[in-house]
Amino acid sequence: MIRLRNIDKYVDKKFQRTFILKNIDLDISEGEFITIMGPSGAGKSTLLNILGFLDEPSEGEHYFLNEPVHQLSEKKKSQYHRSHIGFVFQAYHLLDELTVYENIEMPLLYRKVKTKERKAMVADMLDRFNMVAKKDLFPSQLSGGQQQVVGVARAIIGGPRLLLADEPTGNLHSEQSQQIMELFKRLNENDGVTIIQVTHSDEMASYSNRIINLRDGTIVRKNPYRLIQ
Amino acid sequence: MIKHYLILFLRNIKKDKSTFLINLLGLSTGLACVLLIYLWVNEELVMDKFHKNHDRIYQVIEHLDFSDGIQTYLETSGPMAEFLAEEMPEVEYATSTIPPEWFGEHLLSVGNNTLKAVGQLVSKDYFKIFSYELIRGDKTEAMTDPNSIVLSRKLANSLFGSIENVIGKLVEFEQNRQFRVSGIFENVPSHSTVQFDFALSTEASKEIPPWTSLQTWNSSGPKVYILVKEGANIPNLTTKIEKVRKNRDENTIRTATLAPFAQLYLHGKYENGKLTGGRIQYVKLFSVIAMIILIIACINFMNLSTARASQRLQEIGVKKAIGAQRNSFIFQFINESVLMAFVALILATVLVWLFLPRFNTIVDKQLTLTLDMPFYITATSIVILTGILAGIYPALYLSKFNALTILREKIRSTSSESWTRKGLVVIQFSLSILFIISVVVVYKQIEFIQNQNMGYEQDQIVKVNIEGTLKDRLQTFISEAKKLPGIENASSTTHTMVGQNWSGTLDWEGKDPKNNTQFQIFGVDYGYIETMGMEIIAGHGFSREFGADSAGIIFNETAIRTMGIEDPIGKTVENGRAKIIGIVKDFHFKSLHDNAEPIFMVLMPEAVKYVMVRIEAGKERDALEALRTFYEDFNPDYPFEFEFLNENFQAQYASEQRVATLSRYFAGLAILISCLGLFGLAAHTARQRTKEIGIRKVLGASVGNVVALLSKDFIRLVLIAIVIATPIAWYAMNRWLQGFAYRIDLQWWILAAAGLVAVVIAMITVSGQSLRAAMADPVKSLRTE
Ligand SMILES: Nc1ncnc2c1ncn2[C@@H]1O[C@H](COP(=O)(O)OP(=O)(O)O)[C@@H](O)[C@H]1O
Ligand SMILES: [Mg+2]
């Protein structure tokens with residue numbers, strides 16, 4: 001599904017080139033649940049953003065469903081965002097002015113889904129995540145865990161084939177975190193959504209089926225399956 | 001999707017009510033100004049356009065080539081109309097008129113019912129050229145008989161109580177001549193420059209003095225209008241008409257030419273024979289001013305939107321990650337600003353409705369706010385344009401952010417953005433300061449004019465028309481009036497004392513044959529100079545004691561200077577026919593736009609038209625009451641009407657007064673809206689820097705220090721605005737003042753004062769916010785972080 005070849009990401013500052021990512025080679029197949037781990041500043045978020053087309057690599061080749069991403073136009077990328085890729089953020093990034101219902105509905109507006117169909121899809125999503133009673137509340141009236149559930153619902157309502165989550169449980173208690181991970185697992189197993197998440201927690205990583213270790217912008221190849229028995 | 005945008009629009013308003021209010025107030029006042037000016041301009045633009053053939057109606061005007069430049073008269077000679085109708089195949093009809101402003105008010109009676117009405121003299125095809133539709137009678141026949149009179153619906157109703165069966169009835173004119181009603185026309189609409197309630201035939205004028213002399217080629221008397229045939233070649237016709245006068249008289253200084261009638265109202269100002277503008281200049285000026293106020297309000301919107309960008313960035317980031325494209329944001333934000341403008345329009349309409357009566361008095365019109373289709377269309381277009389104008393920059397600015405930078409949460413307002421904001425604030429204040437300076441200068445100039453020494457006692461003199469019994473027994477009237485309590489003196493004259501009147505040339509010894517200086521002619525009676533309180537600087541005024549004064553002539557200083565006569569008293573002009581008996585100090589009878597003109601005065605008791613009565617200061621009320629009683633007894637058929645010369649004179653500055661009043665309002669609004677914006681920005685800055693202020697206070701900064709810190713930036717912007725606005729204002733106001741022959745010097749303190757006002761107002765606006773921030777408990781502000 002995804003193929004990265006010789007991906008470099010660097011910034012040039014005062015005659016000095018700093019690498020954030022260096023020589024990344026990575027293949028991801030459809031249906032995988034991957035965790036990216038590594039110390040702070042290792043380049044995890046950068047890698048995730050590149051995988052989600054939000055950032056561009058400085059060098060290298062990036063294929064998504066056999067399409068060369070490095071040659072895609074902005075418009076084409078937007079189309080992929082709408083139809084193939086969902087994001088879950090550490091800070092949830094729900095829109096404060098919109099209710100739970102409206103937040104979940106929003107991606108469908110940009111996909112020009114018809115009103116009736118939209119209603120059904122949002123209702124379905126609320127049902128699935130047990131949020132029906134809270135649909136008219138604003139984000140500020142929810143707990144962090146509930147907000148992230150809404151964040152996940154918003155990310156998957158468009159039916160993405162790839163879900164990217166940058167420290168989705170970073171601001172949550174362990175109980176709430178487990179809930180989110182259960183959600184991810186079900187999505188991955190039942191719906192076949194490919195998931196790539198960044199986390200610092202071994203526990204959260206244990207939900208996935210492959211771990212990529214990142215250190216100083218490069219993938220540590222040694223014992224990549226350490227955590228998986 | 002639209003619903004989604006609407007929800008975000010409304011909820012963002014709810015979240016930040018003060019910004020919404022600032023924008024609402026600013027935009028609605030801006031829009032109200034634009035709407036008022038739109039109503040006014042609309043009315044100006046339709047002036048005289050209701051004539052069905054308005055694009056084929058031309059007025060014959062004349063350029064007179066005097067030694068000191070070309071003057072343009074809207075009048076031409078008597079025979080012109082008939083000549084054009086007969087000789088020029090392009091001309092379908094031509095008419096010769098003595099216009100209402102000349103012919104004036106006259107008494108009309110039917111039986112015992114007598115009233116005064118404004119009329120004009122027109123020749124036979126008048127009603128075929130102009131669309132004053134005849135509702136009774138026939139337009140071809142109406143003016144053929146010299147004994148015909150045509151009445152307006154209103155006048156017919158007043159005279160006869162009805163418009164039915166009026167044709168053929170008699171109306172008595174000035175109690176000495178009968179005219180037969182031959183037609184009734186629909187009341188003249190307010191957007192006609194020619195306002196009249198009855199028309200007589202110019203044929204009749206031959207017997208109505210003083211219009212008897214207008215039938216020669218060597219005079220400028222009637223206004224002549226022509227209707228050209230469809231498809232006529234106008235430049236060709238103009239060339240032919242230009243030759244008409246020359247062909248009759250090689251040495252004439254007159255050139256007749258054509259001006260499109262319906263455009264003269266707006267484009268009627270000729271300088272040195274060239275069309276240089278007219279009321280269109282005011283139309284443009286006020287349109288620009290209204291636009292500027294709206295722009296100032298739009299700048300508020302831009303500044304507050306971009307300053308508060310951080311509140312919308314999260315939305316943009318998330319939506320971009322979801323796949324929203326830049327266009328959708330531009331559309332969304334412009335939508336919001338258009339919606340905002342639309343909300344403002346509703347308030348603006350209310351404001352217009354509230355202020356229309358006041359506005360009408362200022363511009364001297366009867367504008368009405370009709371919520372009809374054209375209004376909706378205009379208002380909607382204005383709203384959309386305003387929305388786009390206000391929204392385009394924030395939309396482009398906000399939509400430019402990419403999801404990555406936003407979601408990483410590393411946004412600080414970039415320096416380029418705050419530069420734009422500062423630039424916009426500077427523009428706002430430059431415009432405001434420009435307005436303030438203009439207001440002060442215009443005000444000072446008008447005050448200066450009003451306090452000018454006129455060279456005669458303008459404030460104490462009333463003018464009474466000579467009509468009815470006064471005509472026959474003028475000397476009795478004057479000598480009796482002089483005896484009334486509170487009346488100091490009285491005399492009579494041909495000159496209104498306002499503007500142009502009769503003028504002519506004169507011969508004197510040593511005159512350059514090419515010199516054709518026009519002298520204003522004052523035909524006067526004995527005691528005129530004394531009554532007016534003019535100053536004799538040599539010789540004496542007309543007085544019965546000096547016997548042979550009937551051949552005497554009095555000049556003003558300018559005339560003597562122009563002629564270059566040394567030791568003038570006792571010398572003669574006009575080949576010995578008139579002897580110079582006195583010199584009067586220059587006095588003003590035209591508006592102070594113009595320099596003093598050469599004049600002469602001669603005794604002409606038989607031609608005088610106005611009695612000038614001088615009233616003792618402080619006894620105006622009693623004197624006028626006594627004069628009224630005496631007049632009504634002496635001249636029972638005519639109502640007692642009088643005018644103070646100063647009022648009459650001030651009327652010449654009506655348009656300047658109008659500019660002054662309007663610009664005062666506009667300047668106030670401009671500075672108000674600018675300050676609203678500044679207030680919003682200051683509040684925003686104070687909020688943004690809460691933490692910094694807290695730290696500074698903990699470290700020992702005083703309230704004063706903090707206020708200074710926060711206000712400094714804004715005041716600096718206002719100072720820059722002063723630097724920009726002052727030279728522009730200096731230049732613009734100097735140009736405006738050039739239009740006055742008598743004008744104030746543009747003093748530096750006016751500019752300095754305007755700048756100071758701006759700084760003080762800005763300071764008050766900003767320091768309130770700063771003070772609030774500075775007084776806040778630092779510990780609290782630090783804890784919230
Ligand atoms: N646009 C950028 N310019 C400069 N440095 C950057 C930029 N983006 C990221 N970095 C740097 O690259 C490194 C990796 O960042 P990031 O991918 O956020 O790491 P992680 O998510 O693993 O903590 C960090 O040191 C960060 O400071
Ligand atoms: Mg990170």
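When reading the values below, keep in mind they use all heavy atoms of this one structure, side chains included, and skip hydrogens, waters and symmetry mates. Chain A is the first sequence line, chain B the second, and so forth, proteins listed ahead of strands; every chain is numbered from 1.
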Taking atom [atom1] as the centre, does [X] end up with more than 12 heavy-atom neighbours from other residues, nucleotides or ligands that are less than 6.0 angstrom away?
X        : atom1 : value
A/His200 : NE2   : yes
B/Arg772 : CZ    : no
A/Tyr10  : OH    : yes
A/Asp216 : CG    : no

Under 4.5 Å from any heavy atom of chain B - which part of [X]:
X        : result
A/Lys75  : both
A/Asn49  : side chain
A/Leu164 : neither

Residue selection (most heavy-atom pairs with chain A, distance under 4.5 Å) from B/Lys15, B/Gln325, B/Arg326, B/Lys14:
B/Gln325

Separation of [Y] [atom2] from [X] [atom1] (nearest 0.5 Å):
X        : Y        : atom1 : atom2 : answer
A/Asp55  : B/Leu404 : CG    : CG    : 4.5 Å
A/Leu108 : B/Met1   : CG    : CE    : 10.5 Å
A/Ser78  : B/Ile322 : OG    : CD1   : 11.5 Å
B/Glu315 : A/His93  : CD    : NE2   : 13.0 Å
B/Lys320 : A/Glu74  : NZ    : CD    : 8.5 Å

Where on [X] is there a heavy atom nearer than 4.5 Å to chain A: the side chain, the backbone, both, or neither?
X        : result
B/Lys3   : neither
B/Ala321 : both
B/Tyr5   : side chain

Counting a contact as any heavy-atom pair under 4.5 Å apart, which residues of residues 135-156 of chain A contact chain B?
A/Phe138, A/Arg154

Side-chain touch B/His4/A/Leu98, heavy atoms, less than 4.5 angstrom:
yes

Do NZ/NE/NH1/NH2 and the carboxylate oxygens of B/Arg11 and A/Glu102 come within less than 4.0 Å?
yes

Most heavy-atom pairs under 4.5 Å with chain B, out of A/Glu105, A/Met106, A/Lys77, belong to A/Met106

Between A/Leu95 and B/Lys319, the two heavy atoms sitting closest are CD1-CE, 4.4 Å

Nearest heavy-atom pair of B/Gly323 and A/His81: which atoms, and what distance?
CA-CB, 3.4 Å

